[in-house]
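Remarks on the structure that follows.
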Amino acid sequence: MKRTALAGSLLATMALLATACGGGSSSSGGDSAASPTDPSKVTGDVKVLTQRTDLVQDGSMKKYAAEFNKIYPKVHVTFEGITDYEGEVKIRMNTSNYGDVLMIPAAIKTDDYPKFFASLGSADELAKKYTFTEKSTVGGKVYGIANFANADGFVYNKAVWQQAGVTDWPTTPDEFLADLRAVKSKTSATPYYTNYKDGWPLTAWTQVQGAVTCDAKATDEPATDPDPWKAGSDLNVGDTLLYTIVHDKLSEEDPTTTNWENSKSLLATGKIGTMWLGSWAIVQMQDAARKAGKDPAEIGYMPFPSQKDGKSCTPVAPDYQEAVNIHSKHKAAARAWIDWFTDKSGYVQTNQAVPTLRGGALPSALKPFQDAGVQFVQMSQAQSAKVTGIDNQSEIGMTNKPDYRQHLIDVARGAAGGDLQGIFADLAKKWSSAQKTASL
């Protein structure tokens with residue numbers, strides 16, 4: 001929703017006051033949320049919205065808040081875990097009640113960020129400290145900071161693949177399919193699990209961009225390319241592999257009955273062989289293995305089966321970006337939480353994630369990638385606003401919805417008419433048409 005306009009002079013005055021106070025006011029006004037300089041002056045109640053319902057339920061987030069309070073004793077932080085984060089938060093943003101700190105929903109158009117979020121500072125300054133700030137930059141100001149970034153690959157059960165006789169990572173889609181067939185014929189595991197029913201895990205397949213071409217600008221190209229699914233493109237190769245997996249009956253028998261939470265245990269106990277997910281999933285699968293009495297070291301991670309000049313590539317892109325609600329009465333406290341949680345909480349290391357804080361070390365979970373010489377490709381976010389605008393106009397949902405890949409799976413398994421080339425042609429038609437009419 002559009003907020004009530006304030007006089008320019010009043011905005012300027014409030015911004016200057018916030019800066020002069022180091023962001024210390026308990027209810028800083030204006031459109032900015034500067035980093036506090038004096039923790040003793042920062043006060044207020046802050047609600048943090050998160051999709052990590054598991055960490056809210058098991059008390060982990062409360063433990064983080066307790067550590068935060070050692071530095072900011074006058075700030076009270078509470079958490080709201082939301083299962084359907086994208087769907088629910090997008091609706092709540094029609095009001096002013098969407099927490100004090102929240103992850104920016106993918107459906108929100110980048111150019112609209114100033115309507116909903118407080119500025120966190122200048123792009124030039126924040127880019128010196130964090131990576132991927134260009135993704136949330138509007139008019140030279142940054143409106144969101146990613147806690148961490150993800151590499152992308154296949155999380156898999158090593159014991160299952162070893163039982164199938166596979167010891168080396170596949171380097172082509174055909175080799176990967178052959179390995180899945182070996183899993184099917186030599187083990188009792190389901191070779192691949194789509195997570196079709198929950199849907200959102202399917203959006204991870206868009207992160208194949210950069211894995212095939214090793215091109216850091218692969219995420220930017222859809223802004224000007226009328227056919228992002230053309231032969232040889234990252235999306236074409238990735239979606240063709242997904243289609244073939246399902247078509248050749250190498251995935252679960254009935255995808256309409258999949259369950260994300262259960263899938264973690266199924267993979268950890270060897271009932272599932274493989275899933276395509278961001279590296280954020282590794283620690284969750286390892287935790288599921290521990291809970292099932294299995295060795296977490298059996299959880300492996302492999303790059304997309306493709307090589308360029310003899311090397312595999314893994315795209316690295318930001319996860320959700322945290323922002324401050326522009327309506328928050330406690331912007332300084334909200335910003336304090338974002339800074340601490342990103343820089344000092346240890347959350348990134350605990351979750352084996354790629355740090356966005358410049359100079360941070362890669363997690364141990366990705367050491368096999370380093371040892372194998374896999375190239376980490378930091379994906380450009382320069383055209384993310386334009387790509388999102390075209391995507392929204394096309395109603396494809398390439399970046400944030402599972403619909404088109406659910407349809408792809410339905411066609412592959414014979415539950416819907418058509419074929420893969422027809423799907424690609426329809427996607428290209430919608431995309432090119434939206435490029436001409438999207439309001440950016």
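We're numbering straight along the sequence, starting at 1.
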### Message
Contact between Tyr192 and Phe154 at the side-chain level, heavy atoms closer than 4.5 Å - yes or no?
### Response
yes
### Polar side chain donor-acceptor pair, Glu86 to Tyr320, under 3.5 angstrom
yes
### Message
Between Asp391 (side chain only) and Thr399 (backbone N and O only), is there a donor and an acceptor less than 3.5 Å apart?
### Response
yes
### Query
Got Lys230 and Asn236 here, is their nearest side-chain heavy-atom distance under 4.5 Å?
no
### Message
Closer than 4.0 angstrom, basic N to acidic O: yes or no for Glu88 and Arg92?
### Response
yes
### Query
Are side-chain heavy atoms of Tyr156 and Leu267 found at a separation under 4.5 Å?
no
### Task
Report the residue from Tyr196, Trp200, Trp229, Trp276 that forms a ring pair (Phe, Tyr, Trp, His ring centres under 6.0 Å) with Trp205.
Trp276
### Message
If only side-chain N and O atoms count, and only distance matters, is there a donor-acceptor pair under 3.5 Å linking Asn97 with Thr95?
### Response
no
### Query
Heavy atoms, side chains only, cut-off 4.5 Å: are Gln375 and Thr314 in contact?
no
### Taking every non-hydrogen atom, the tightest pair across His330 and Gly44
ND1-CA, 3.6 Å
### Query
So does Glu80 pair up with Lys47, basic N to acidic O under 4.0 Å?
yes
### Query
Any idea which heavy atoms bring Leu366 and Ala151 closest together, and the distance?
CD1-CB, 4.0 Å
### Query
Would Tyr404 and Asp426 count as having a side-chain donor-acceptor pair, cut-off 3.5 Å?
no
### Query
Looking at Asp111 and Lys109, does any basic side-chain N land under 4.0 Å from a carboxylate oxygen?
no
### Check: Asn325/Asp100 side-chain N/O donor and acceptor closer than 3.5 Å
no
### Message
If we count only N and O atoms by modelled type, under 3.5 Å, do the side chains of Arg405 and Thr206 hold a donor and an acceptor together?
### Response
yes
### Message
Can you tell me if Lys429 has over 12 outside heavy atoms packed within less than 6.0 Å of its NZ?
### Response
no
### Query
Regarding Ser380 and Asp220, is there a side-chain donor-to-acceptor distance under 3.5 Å anywhere?
yes
### Summary
residues 365-385 vs ring-ring contact (aromatic ring centres under 6.0 Å, His included), sequence neighbours excluded, gives Trp169-Phe369, Tyr301-Phe369
### Message
Taking the six-membered ring for Trp, are Trp340 and Tyr72 closer than 6.0 Å centroid to centroid?
### Response
no
### Message
For Lys129, I'd like to know if atom NZ has over 12 heavy atoms of other residues, nucleotides or ligands within 6.0 Å.
### Response
yes
### Query
Is the Lys NZ or Arg CZ of Arg413 less than 6.0 Å from the centre of Tyr243's six-membered ring, within 45° of the axis?
no
### Query
Between Asp31 and Ser119, is any side-chain donor less than 3.5 angstrom from a side-chain acceptor?
no
### Message
The test is salt bridge (charged side-chain N to carboxylate O under 4.0 Å, His left out); show your working for Lys128 and Asp124 and say whether it passes.
### Response
CA-CA 7 Å; Lys128 296 175 184 176; Asp124 289 343; over 6 Å; no
### Query
Side chains of Ser364 and Gln352: is there a donor and an acceptor less than 3.5 Å apart?
yes
### Query
Among Asp343, Thr342, Asn147, whose side chain to side chain donor-acceptor pair (under 3.5 Å) with Tyr130 holds?
Asp343
### Task
Compare all side-chain heavy atoms of Lys311 with those of Cys214 and state whether any distance is below 4.5 angstrom.
no
### Message
Tell me the closest heavy-atom pair linking Phe176 and Ile245, and the distance in Å.
### Response
CE2-CD1, 3.9 Å
### Note, Ser122 side chain near Val142 side chain (heavy atom, < 4.5 Å)
no
### Message
Are more than 12 heavy atoms, taken from residues, nucleotides or ligands other than Gln370, located less than 6.0 Å from that residue's CD atom?
### Response
yes
### Query
Is the closest basic N to carboxylate O distance between Lys115 and Asp112 below 4.0 Å?
yes
